[in-house]
Amino acid sequence: MASSLDALSALCKRRGFIYHSSEIYGGMPGFWDYGPLGCELKQNVKQAWWQFTVRGREDVAGLDATIIMHPKIWKASGHLDTFADPMTMCKQCKKLMRADQIDDIRAELGKKAAAVNPAFALSCPHCGGEMTEPKPFNLMFKTVVGPIDDPSNVAYLRPETAQAIFAQFQNVTATSRMAVPYGIAQMGKSFRNEVTPRNYTFRSREFEQMELEFFIRPDEAVEILHGHVVTLADNPDLNGPVQDDWGWEVWHKYWVEQRKKFLNAVGLPTEHFVEYWQKPDELAHYARACVDIEYDFPFGRQELEGIAARSDFDLSQHQKWSGESQMVFDDPLKQAAKKMDDAARAAFVEKTQKAWAERAAATGKDAVAAVAAAEKFCQNLFDGKYVPHVIEPSAGVDRLMLALLCEAYEEQKLTDEKGKEDIRTVLHFSPKVAPVKVAIFPLIKKDPDQDRIARDIFRKLQKKVNCQWDVSGAIGRRYRRQDEAGTPWCITVDAQTVADGTFTVRERDSMEQKRMTYGEFLAMMYDALEF
Ligand code: ATP
């Protein structure tokens, strides 16, 4: 595991994982490019997520929406009014900082930090100067659509991919032939004008997200359908098939477990990340629960991704701002409600009103309005209609890549037979995400038979996975080069290959070498790549 970012970032630059964006012009803070190995790693991470979240399931559909959308979307979502960080500037050295990160910056600077000046409400960790009053700074990048630079043409680069899913919810529902509970997934670029982009690619201004909105029935609908709602207290089996009588709490925990399984599958062992359950006072006002999966990066424990239970907030907001219904029609619910007699319906409405009034009182909202809303909500449920609730697992591609790089990095001290010490730098990627799966070498490059057979294997494997061809230098050096790229297997073609077709397969982590036939190698490789 990488203990500091310095060695890791040097390797990433040297081997073509990550470069500064626009480097020849001095770079741009918060923008990064992925080189030949980095972009392969990125593709693999995204493909793994898509396979695990969309293709490998029967209840999730995909979406690929535009980056620039109708500005009203950001009004409805709350991003226009509240998506802001508190920004402050040092009056002396003019450095800009996020007011809530001043203590972290001071800790990072360590001995180099300026002493806290008690005369100021906020003092600069760089020079000790006085900081300005923090001001909210909206993180959305603005742009103008069309040829006229007028405020009416202002649009925004999306700060998250999720909102497009809500905005297209009715289209996807109508065309995917799926019914709640079901999810819509999207991967793609997001943009945030972060005040202080920091920690390598961890907090960037342009990054990619992989988000799933998993729509579920409100618990009240589950109760009408099944006569009960399964909660975590019922100890449900989260590893088996999903169940129709699960309440939101179970669906939320189910997705936390799914995300952990995914992280394990791509190479992060459970012991290396923690599940942080946000405390009630940390939750967004609409959220019922939120779990951050945090990873111990070399710069400290930080959020890798989040899984939030967001109630029906998002679709309700879009219903309100667009004027378009975001309800679904749930026939099994309508049929179940039909079987309730008047007394059962009245009791159900009363129970719901009481629960809603209590929740409103606990959160400082209008209890009378809640009682009226509950009545309307119940009548809609009896007609089989509701606005779905949502569980949102939201992950960052770049953050996960950084975690995988940190996790994979190792400098091993090796001693050869002659007692000579050497450092082997290895990236222990899971084969599922490794940028190069196989490197193929003829042992003796000038041997025409070895060269021909090795090239033949290379061409065949190239059609299946990303491969590299390397003939330069001694075989030991070629192995080391692949270790640094994180290539799990190297195939060496030698004299015996010419005689019997078997070749040497050298495994990266154990450095063991085995003779295999092409068929044996393929079976072993596919086994390791499968989810
Ligand atoms: P943070 O608190 O770190 O700013 P956040 O809670 O605002 O993150 P979300 O809005 O929940 O993050 O975004 C979901 C995921 O998107 C994050 O868990 C992270 O993986 C990724 N992400 C968010 N902002 C950035 C960024 N500036 N750079 C890289 N990845 C990001």
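Both counts, for ligands and for their atoms, begin at 1 and track the order of listing. By convention here, the first residue in the shown sequence is residue 1. Computed from a prediction, not measured in an experiment: that's the story for all the values here. Below, all heavy atoms of this structure are taken into account, side chains as well, without hydrogens, waters or symmetry copies.
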(request) Examine ligand 1 and decide if any of its atoms is less than 4.0 Å from a heavy atom belonging to Glu160. (result) no
(request) Starting from atom 2 (O) of ligand 1, locate the nearest protein heavy atom and write down its residue, its atom name and how far away it is, to 0.1 Å. (result) Glu303 OE1, 4.1 Å
(message) Checking the N or O distance criterion of under 3.5 Å, is ligand 1 in contact with Thr201?
(response) no
(message) Is it the case that the side chain of Arg508 and the backbone of Gly486 share a donor-acceptor pair, with hydrogens and angles ignored and the cut-off at 3.5 Å?
(response) yes
(request) Check whether any side-chain N or O of Ser21 sits under 3.5 Å from a backbone N or O of Met28 as a donor-acceptor pair, and report yes or no. (result) no
(message) Please compare Ser394, Ser190, Ser204, Pro393 and report which has the shortest non-hydrogen distance to atom 15 (C) of ligand 1.
(response) Ser394
(message) Distance under 4.0 Å to a non-hydrogen atom of Glu305: what atoms of ligand 1 satisfy this?
(response) 18 (O)
(message) Would Leu304 count as being in polar contact with ligand 1, using the rule that some N or O on each side must be under 3.5 angstrom apart?
(response) yes
(message) I'd like to know if Asp292 contacts ligand 1, where contact means a heavy-atom distance under 4.0 Å to any ligand atom.
(response) no
(message) I need the nearest protein heavy-atom contact for atom 22 (N) of ligand 1: residue, atom name and distance, please.
(response) Phe207 CE1, 3.5 Å
(request) May I ask which of Glu208, Glu294, Arg203, Gln209 has a heavy atom nearer to atom 1 (P) of ligand 1 than the others do? (result) Arg203
(request) Give a yes or no answer on whether the side chain of Asp150 reaches the backbone of Ser152 with a donor-acceptor pair at less than 3.5 Å. (result) yes
(message) Give me the residue, atom name and distance of the protein heavy atom closest to atom 21 (C) of ligand 1.
(response) Gly396 CA, 3.7 Å
(request) Name the closest protein heavy atom to atom 19 (C) of ligand 1, giving the residue it belongs to and the distance to 0.1 Å. (result) Arg399 NH1, 3.4 Å
(request) Check the pair Arg198, Phe202 against side-chain contact (heavy atoms from CB on, under 4.5 Å), reporting the backbone distance first and the verdict last. (result) CA-CA 7 Å; Arg198 285 182 325 142; Phe202 178 83; over 6 Å; no
(message) When you compare ligand 1 with Arg98, is there at least one nitrogen or oxygen pair between them that comes in under 3.5 angstrom?
(response) no
(message) Geometry only, no angles: is Phe202 polar-contacting ligand 1 at N/O separations under 3.5 Å?
(response) yes
(message) Using a 4.0 Å cutoff against the non-hydrogen atoms of Glu194, which atoms of ligand 1 qualify?
(response) 26 (C), 27 (N)
(request) Give the residue and atom name of whichever protein heavy atom lies nearest to atom 7 (O) of ligand 1, and the separation in Å to one decimal. (result) Arg192 NH1, 3.1 Å
(message) For a quick check under 3.5 Å, do Gln209 and Ser190 share a side-chain donor-acceptor pair by atom type?
(response) yes
